[in-house]
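What follows is one structure encoded as structure tokens, with my remarks underneath.
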Amino acid sequence: MENKINIAIDGPSGVGKTIMAKMLAKRLNYKFISSGNLYRAIAYNAISKKIDLKNEEEINNSWNFNDLYISEDENVFLDGKDITKEIREDRVSLVASSIAKFQSVRLKVNEFIQKFGNKNKGIIVDGRDATYRILPNAEVKFFLWATPEVRAERRLKQNDILGIKSNYDEILESIKIRDYNDMNRDIDPLIVSEGSIKIDSTNMSVEENFNVMLEEILKRIN
């Protein structure tokens, strides 16, 4: 029986981290955990409860992991309500990017994922700091990249499929703002961490990107 390993995937907003993580999880029979979805759920919770979005303590105290549930097909539930579609909205994404700067929130999210990963080898985590903060001991680490323009096109298509009305220019602007915030925040900024394999998927198809990553993983498993 093959040894299961943990895999961490970093990269900016809209680069396809989640798609790759899901495809790899399915192919390898691993468990996918999206840190981004956890932050989006916390942001959605804060917005819903009309909490001051600058109040770190109140935001962090307004939820616990018993409130959150992620199903096998990656749907996100908050207090029993399916919020999978709602947390993909741009306003929630922007708030998620903002609250992700809060150290107490990050520590709480990271601790949950680390405990899970230590108990259950064979998890794939994506995020902005998955390779050096969430799963620093992951056996395989990736940093995915693509230009903001290509990522905006991909997000537009994704939203169309989900039935979310959106505008290319607004998505592009939102992505550029998120990139700036993610790369310039004081706490756990978006970087290519030591030991990460960087993959530029700007001119790659989904299948090409997947195959490059799978090949790197299989080298280490075998």
Side-chain angles (χ1 to χ4, degrees), residues 1-40 70 72-74 88 93 97 110 113-114 116-117 120-162 168 171-172 174-176 178-179 182-183 188-222:
M1 187 172 169
E2 69 184 23
N3 291 325
K4 286 202 165 185
I5 63 172
N6 289 338
I7 299 160
I9 306 172
D10 277 342
S13 176
V15 78
K17 299 184 297 294
T18 301
I19 293 166
M20 288 301 114
K22 283 183 178 181
M23 287 174 69
L24 289 166
K26 188 175 180 183
R27 168 69 173 76
L28 298 165
N29 196 25
Y30 278 26
K31 174 75 177 172
F32 166 57
I33 299 175
S34 168
S35 64
N37 277 350
L38 294 174
Y39 288 115
R40 285 190 191 95
I70 300 173
E72 284 300 316
D73 54 0
E74 313 310 337
R88 303 307 305 185
S93 290
S97 181
N110 292 352
I113 298 171
Q114 285 160 6
F116 190 92
N120 314 275
K121 278 283 187 177
I123 68 167
I124 303 178
V125 174
D126 72 346
R128 304 292 191 281
D129 58 352
T131 62
Y132 69 94
R133 192 67 70 213
I134 306 174
L135 278 186
N137 298 321
E139 287 84 352
V140 183
K141 303 176 182 184
F142 293 106
F143 185 94
L144 297 186
W145 178 258
T147 64
E149 290 74 16
V150 165
R151 285 184 275 141
E153 286 169 15
R154 291 175 184 172
R155 178 59 57 81
L156 189 67
K157 286 177 187 171
Q158 189 182 28
N159 284 352
D160 283 344
I161 291 166
L162 292 170
Y168 171 81
I171 292 172
L172 180 59
S174 173
I175 282 173
K176 285 179 176 177
R178 288 206 72 174
D179 280 0
D182 290 337
M183 290 173 183
D188 300 340
L190 176 67
I191 57 168
V192 184
S193 69
E194 190 179 343
S196 290
I197 301 159
K198 185 174 180 181
I199 299 171
D200 188 338
S201 69
T202 299
N203 298 311
M204 282 185 188
S205 67
V206 171
E207 288 74 21
E208 286 166 339
N209 193 357
F210 170 76
N211 286 331
V212 169
M213 295 177 78
L214 181 62
E215 193 178 330
E216 291 290 347
I217 293 163
L218 292 177
K219 279 182 203 170
R220 285 154 181 81
I221 291 176
N222 299 326

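This structure is a prediction, so every number in the text was calculated from the model and none was measured.
Remark: S93 engages R40, R178 in a side-chain contact (heavy atoms from CB on, under 4.5 Å) (not counting sequence neighbours). For T147, the side-chain contact (heavy atoms from CB on, under 4.5 Å) test picks out E149, V150, T202, with sequence neighbours left out. Remark: P189 pairs with Y132, R185, I191 by the side-chain contact (heavy atoms from CB on, under 4.5 Å) rule, at least two apart or across chains. Residues passing the side-chain hydrogen bond (donor to acceptor under 3.5 Å, both in side chains) test with D188, sequence neighbours excluded: R106, R133. Partners of K176 by side-chain hydrogen bond (donor to acceptor under 3.5 Å, both in side chains), not counting sequence neighbours: none found. A152 meets the side-chain contact (heavy atoms from CB on, under 4.5 Å) test with Y168, I171, L172, I175; sequence neighbours excluded. Remark: R27 pairs with no residue by the side-chain hydrogen bond (donor to acceptor under 3.5 Å, both in side chains) rule, at least two apart or across chains. Every residue two or more places apart in sequence or in another chain was checked for a side-chain hydrogen bond (donor to acceptor under 3.5 Å, both in side chains) with S174, and none qualifies.
Residues M204 and V212 form a side-chain contact, since some pair of their non-hydrogen atoms from C-beta on lies under 4.5 Å apart. Contact check for V125 versus I9: no side-chain heavy atoms found under the 4.5 Å cut-off. In this structure, I221 and N3 have side chains that are not in contact, with every pair of non-hydrogen atoms separated by 4.5 Å or more. F142 places a side-chain heavy atom less than 4.5 Å from the side chain of I217. Between P12 and D182, the closest side-chain pair of non-hydrogen atoms is not below 4.5 Å. Counting only heavy atoms from C-beta outward, the side chains of K121 and E139 approach each other to under 4.5 Å. Side-chain contact between N137 and Q114: absent, with no pair of heavy atoms (C-beta onward) separated by less than 4.5 Å. Within the 4.5 Å cutoff, side-chain heavy atoms of V206 are placed close to those of M20.
The backbone N or O of N37 sits less than 3.5 Å from a side-chain atom of S34, completing a donor-acceptor pair. For the pair Y30 (side chain) and I5 (backbone), a donor-acceptor distance under 3.5 Å is present. Listed for the N222 side chain is a donor-acceptor partner under 3.5 Å among the backbone atoms of L218. The main-chain N or O of G122 is found under 3.5 Å from a side-chain atom of N6 such that the two form a donor-acceptor pair.
Rounding to the nearest 0.5 angstrom, the gap separating the CD1 atom in I199 from the CG atom in L144 is 5.5 Å. Taken to the nearest 0.5 Å, the CZ atom of R128 stands 10.0 Å off from the CD1 atom of I134. Here L162 contributes atom CG and K157 contributes atom NZ; the two are 14.5 Å apart, rounded to the nearest 0.5 Å.
For residues 195-212, the set of pairs meeting the salt bridge (Lys or Arg N to Asp or Glu O under 4.0 Å) definition, not counting sequence neighbours, is empty. Every pair passing side chain to side chain donor-acceptor pair (under 3.5 Å) that includes a residue from residues 10-22 is listed here, sequence neighbours excluded: D10-T131, T18-D126. Listed by first and then second residue, the salt bridge (Lys or Arg N to Asp or Glu O under 4.0 Å) pairs involving residues 212-222 are E216-K219, E216-R220 (not counting sequence neighbours).
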- Show the numbers, then the answer: is there a side chain to side chain contact (heavy atoms under 4.5 Å, CB included) between L214 and L24? CA-CA 7 Å; L214 181 62; L24 289 166; 4.1 Å; yes

- Decide side chain to side chain contact (heavy atoms under 4.5 Å, CB included) for L135 and I123; before the verdict, give the C-alpha distance in whole Å, the side-chain angles of both, and the deciding distance to 0.1 Å. CA-CA 10 Å; L135 278 186; I123 68 167; 3.9 Å; yes

- Item | Check against side chain to side chain contact (heavy atoms under 4.5 Å, CB included), I113 and L38 | CA-CA 10 Å; I113 298 171; L38 294 174; 4.0 Å; yes

- Apply side chain to side chain contact (heavy atoms under 4.5 Å, CB included) to L190 and D129, showing your working. CA-CA 6 Å; L190 176 67; D129 58 352; over 6 Å; no

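Residues A146 and S201 share a closest heavy-atom pair of CB-OG, 3.8 Å. Between R88 and R155, the closest heavy-atom pair is NH2-NH2, 3.9 Å.
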